[in-house]
Chemist: 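The structure follows.
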Amino acid sequence: MSNLPDEAFRDTIGTIDEGGNRKFIFPKKPSGKFYNYRKIVSYVLLTILIVNPFIKVNGNQFMMFNILERRFNIFGFPFWPQDFYLFVISILVGVVFIILFTVVFGRIFCGWICPQTIFLEMVFRRIEYWIDGDRGAQSRLARQEWNAEKIRKRVVKWTIFFLISFGIANVFLAYLVGSDALFLMVEQGPVKQASNFIALLIFTGVFYFVFVWFREQVCIIACPYGRLQGVLLDNKSINVAYDFVRGEKENGRAKFNKKEDRALTGKGDCIDCLQCVHVCPMGIDIRNGTQLECTNCTACIDECDHIMESVGLPKGLIRYASEDEIAKKEPFKFTARMKGYTAVLFILLSIFVGMLFLRTNVQAVVLRLPGQLFQHKGDKISNVYTYKIVNKTMKDYNDIHFELIDQKGEIRNVGKQHFKVPKEGISQGTLFIEINEVLLESDKTKVKIGVYNGNELLETTNTNFLGPRSFN
Ligand code: SF4
Ligand code: SF4
């Protein structure tokens, strides 16, 4: 990297001027192979993101993150506060997955999957190109005075941006409070559903602010994942990278001259056309090496490939490559660190899948009433318990009752012997367990209780049954 013209980029951010003011980026409209692939991936992901909260599986919303009511649905599985351990493991799996991916593939998540990038680059920016034109026209429009053309273009653009922000806010709300609550708000109107409506307006305002003004600053300033790059990436991570060996050669980059043979002059393949800089939505120069701002969006790969093609040089001067691949010509290797992360990921995934299968739709807890001793009832011993049954499903259970398993005896519920637990509801109460004294083998017997709906065994739970000490 010795041929770099200056090192000023280390002390500055491309989007902030010397006075500390925001410098707006007007990136050139990208085009090329990677951009086309990204469009396909983006629109598939956008479709999934938008329809997800409106899909139901067995009556459960496919994806929901209702933080206020502490109810989460992931892939149609409802997670209650009682399932919090599963939620934590799923988050851990997600984090390890992203770390592993970052170690191996750099910021591929930012460029291809992150909703912020997808909305900004594939929705808002494309509308901007359509209304305001490409880089030059956008920059001219920003500088020009407020004449009829500018007012018209700004009103049209900001109105469309507001409507899209409002749409995104609706989807976001559907993830947060559930699509049913969203439809209820639409049906009942903003007055009856004031809190959801205010939340909707706040989210709309936040999205509008982010996509109209804040933009790439989210990745540079606000996103914690971007900040992690410094510790996750190493020389073996694959990134969007400038091949400085080829680009600079012995005598550095230089403007293109049709009449000279660059191979003979010792000049690098970079013709210093700055197109990779102009197309960059983060306002950086990839030729300065991997930088915190780079979201690996691939726009500079496409742009440089166009240039290389036009001057008759091989494509790939900017490409997906690791530092070692470029500097030492080392092919990609699955390093010990990558193997370690993969092993951890595999173990966590196995635990998560196992727990998911062991998880039941109904959770029952039966506990002895604190401070209560057993009672003699003729030849029977009786203990009193409290119970709590959580129905995590979207269907009512109308014939719930308890039965002892592997133990002769009787369970008497205080109130109705057969009762109802509504969908997503909880039922709690008091019950007595009575066991004939001669059947007890110790003063503390473990009993297994089955929770049935009709003849269907939904869940089992264990508790202790106390008896006289003489059994010892
Ligand atoms: S687009 Fe390619 S040739 Fe042009 S300045 Fe960037 S790296 Fe050099
Ligand atoms: S340097 Fe290239 S890959 Fe990185 S953000 Fe800029 S255009 Fe995208």
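Remember, it's 1-based here, ligands and their atoms both numbered in the order they're listed. The model shown is predicted, which means the values in this text are computed figures rather than measured ones.
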Chemist: Below 4.0 angstrom from a heavy atom of Cys273, which ligand 1 atoms are there? Numbered from 1 as shown, please.
Modeler: 1 (S), 3 (S), 4 (Fe), 5 (S)
Chemist: Would you say the rings of Phe207 and Phe119 are close, in the sense that their centroids are separated by under 6.0 Å?
Modeler: no
Chemist: Quick check, are the ring centers of Tyr208 and Phe161 under 6.0 angstrom apart?
Modeler: no
Chemist: Applying ring-ring contact (aromatic ring centres under 6.0 Å, His included), can you list everything that pairs with Phe214, at least two apart in sequence or on another chain?
Modeler: Phe209
Chemist: Quick one: list whatever passes side-chain contact (heavy atoms from CB on, under 4.5 Å) with Ser90, sequence neighbours left out.
Modeler: Ile74, Phe87, Phe352
Chemist: Within the 4.0 Å heavy-atom shell around Ile271, which atoms of ligand 1 are there?
Modeler: 3 (S), 8 (Fe)
Chemist: Can you name the salt bridge (Lys or Arg N to Asp or Glu O under 4.0 Å) partners of Glu149, sequence neighbours left out?
Modeler: Lys153
Chemist: Is it the case that Arg359 places NZ or CZ above or below the six-membered ring of Phe79, under 6.0 angstrom from the centre and within 45 degrees of the axis?
Modeler: yes
Chemist: Against ligand 1, does Arg253 come closer than 4.0 Å with any heavy atom?
Modeler: no
Chemist: With a cut-off of 6.0 Å (strictly less than), are more than 12 heavy atoms of other residues, nucleotides or ligands near OH of Tyr320?
Modeler: yes
Chemist: May I ask you to say whether Glu216 pairs ionically with Arg22, meaning some side-chain N is under 4.0 Å from a carboxylate O?
Modeler: yes
Chemist: Show the protein residues that qualify under the rule heavy atom under 4.0 Å from an atom of ligand 2, listing them in chain and number order.
Modeler: Val240, Cys280, Pro281, Met282, Ile284, Ile286, Cys294, Thr295, Asn296, Cys297, Thr298, Ala299, Cys300
Chemist: Can you list the ligand 1 atoms lying under 4.0 Å from a non-hydrogen atom of Met308?
Modeler: 3 (S)
